[in-house]
Amino acid sequence: MILCANFKANKTRQDTRAYMAVVESFVSANDITDTIIVFPPFTALEHEPRNVLIGVQNGYPVRNGAYTGEIALEQLEEFGIKTILIGHSERRHVIGETQEQIAAKFRFFAEEGFAIVYCVGEPLEIREEGNDALMAYIEHQFEGIDLSYPDLILAYEPVWAIGTGLTPSNRDIERVHGALKAKTDAPLLYGGSVKVENVGEIMRLENVDGVLVGSAALSANDFCEMIAQAAELNTERGE
């Protein structure tokens, strides 16, 4: 399983250090073999991870340059960052990144050998049009994206489910993940109102290889509980 915590614009450096201390200690004490990735804000990237990967929530596809407000490869190299989140719905729908910009970012960081957690998902009006419209919408989000990239992790996050407390039915998640699995061998994460109460059920679904968690992972103890549920699932499966 792969479990990712996306802090978004939350937590200070001090908060992040305390959070990482709890999570890394839990992972060590329980011999966790799952992949755990934390995406803190830019200000808290300076951390020497022991057994939890640190990723960046965004990056500009240049080594350096006159790009006010952005973080580029040169700065990420200084922190030793080699994992990046690309295509999150908030970058698409709030910041206004186009598919062309997202694809350019994907190509740049793939060429630099980054592990890429690439997000796709549909707004509510597309969901209500039915499965064909939903998959056509996601297909557009694959334009310019190399689905055979070996360090790709694909995250399906329905836009209408992020931070709302709403989630698709288990059948709907399996249907979309099944269609995605037919397109790529990459691990498939589900994101969108994942929380302690439903994470175990979601991780047991067919073609779900992990979760990308936002606000529900801001508590280190809650994120550790999610990791524990993944470990329990591994034991059930004899892994």
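Every heavy atom of this structure was used, including side-chain atoms; hydrogens, water molecules and symmetry mates were not.
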No-hydrogen, no-angle side-chain donor-acceptor test under 3.5 Å, H88 and E157: yes
SB check E122 R127 (cutoff 4.0 Å): yes
Whether Y156 and H177 hold their rings parallel, tilted or perpendicular, with breakpoints at 30° and 60°: perpendicular
Aromatic plane relationship, F114 with F109 - under 30° parallel, 30 to 60° tilted, over 60° perpendicular: perpendicular
E77, CD: over 12 other non-hydrogen atoms inside 6.0 angstrom: yes
Reported CG-to-CD distance for the pair L124 and E129, which is rounded to 0.5 angstrom: 10.5 Å
Any side-chain heavy-atom pair of P40 and L45 under 4.5 Å: yes
Cation-pi geometry met for K11 and F7 (6.0 Å, 45°): yes
Full working for side chain to side chain donor-acceptor pair (under 3.5 Å) between Q99 and R92: CA-CA 8 Å; Q99 184 60 29; R92 297 178 188 270; 2.8 Å; yes
V196 vs M226 side-chain heavy atoms within contact, under 4.5 Å: yes
CG (D151) with more than 12 external heavy atoms under 6.0 Å: yes
Over 12 non-hydrogen atoms of neighbours within 6.0 angstrom of CD in E125: yes
4.5 Å side-chain heavy-atom contact, L147 and I145: yes
CA sep, side-chain torsions, deciding dist, call: K105, E97, salt bridge (charged side-chain N to carboxylate O under 4.0 Å, His left out): CA-CA 10 Å; K105 189 179 297 185; E97 287 187 357; 2.7 Å; yes
Between Y118 and F106, ring centroids under 6.0 Å: yes
Basic-acidic side-chain contact under 4.0 Å: K82, E112: no
Shortest non-hydrogen contact from A216 toward V194: CB-O, 3.1 Å
Shortest non-hydrogen separation from V62 to A72 and the atoms involved: O-CB, 3.3 Å
Sole residue of N51, V52, L3 in side chain to side chain contact (heavy atoms under 4.5 Å, CB included) with V23: V52
Verdict with supporting geometry, H47 and E24, side chain to side chain donor-acceptor pair (under 3.5 Å): CA-CA 12 Å; H47 179 78; E24 289 181 329; 3.3 Å; yes
Heavy-atom closest pair, residues L134 and I126: CA-CG2, 3.7 Å
Test side chain to side chain donor-acceptor pair (under 3.5 Å) applied to N170 and E201, step by step: CA-CA 9 Å; N170 290 346; E201 182 179 4; 2.6 Å; yes
E143 atom CD, neighbour heavy-atom count above 12 within 6.0 Å: yes
K183 and E139 ion-paired at < 4.0 Å: yes
Heavy atoms from other residues, nucleotides or ligands near CZ of R204 exceed 12 (cutoff 6.0 Å): yes
Audit row: S219, N221, side chain to side chain donor-acceptor pair (under 3.5 Å) steps and yes/no: CA-CA 5 Å; S219 161; N221 289 332; 5.1 Å; no
Closest approach of F223 to I37 (non-hydrogen atoms, all atoms of both residues): CZ-O, 4.5 Å
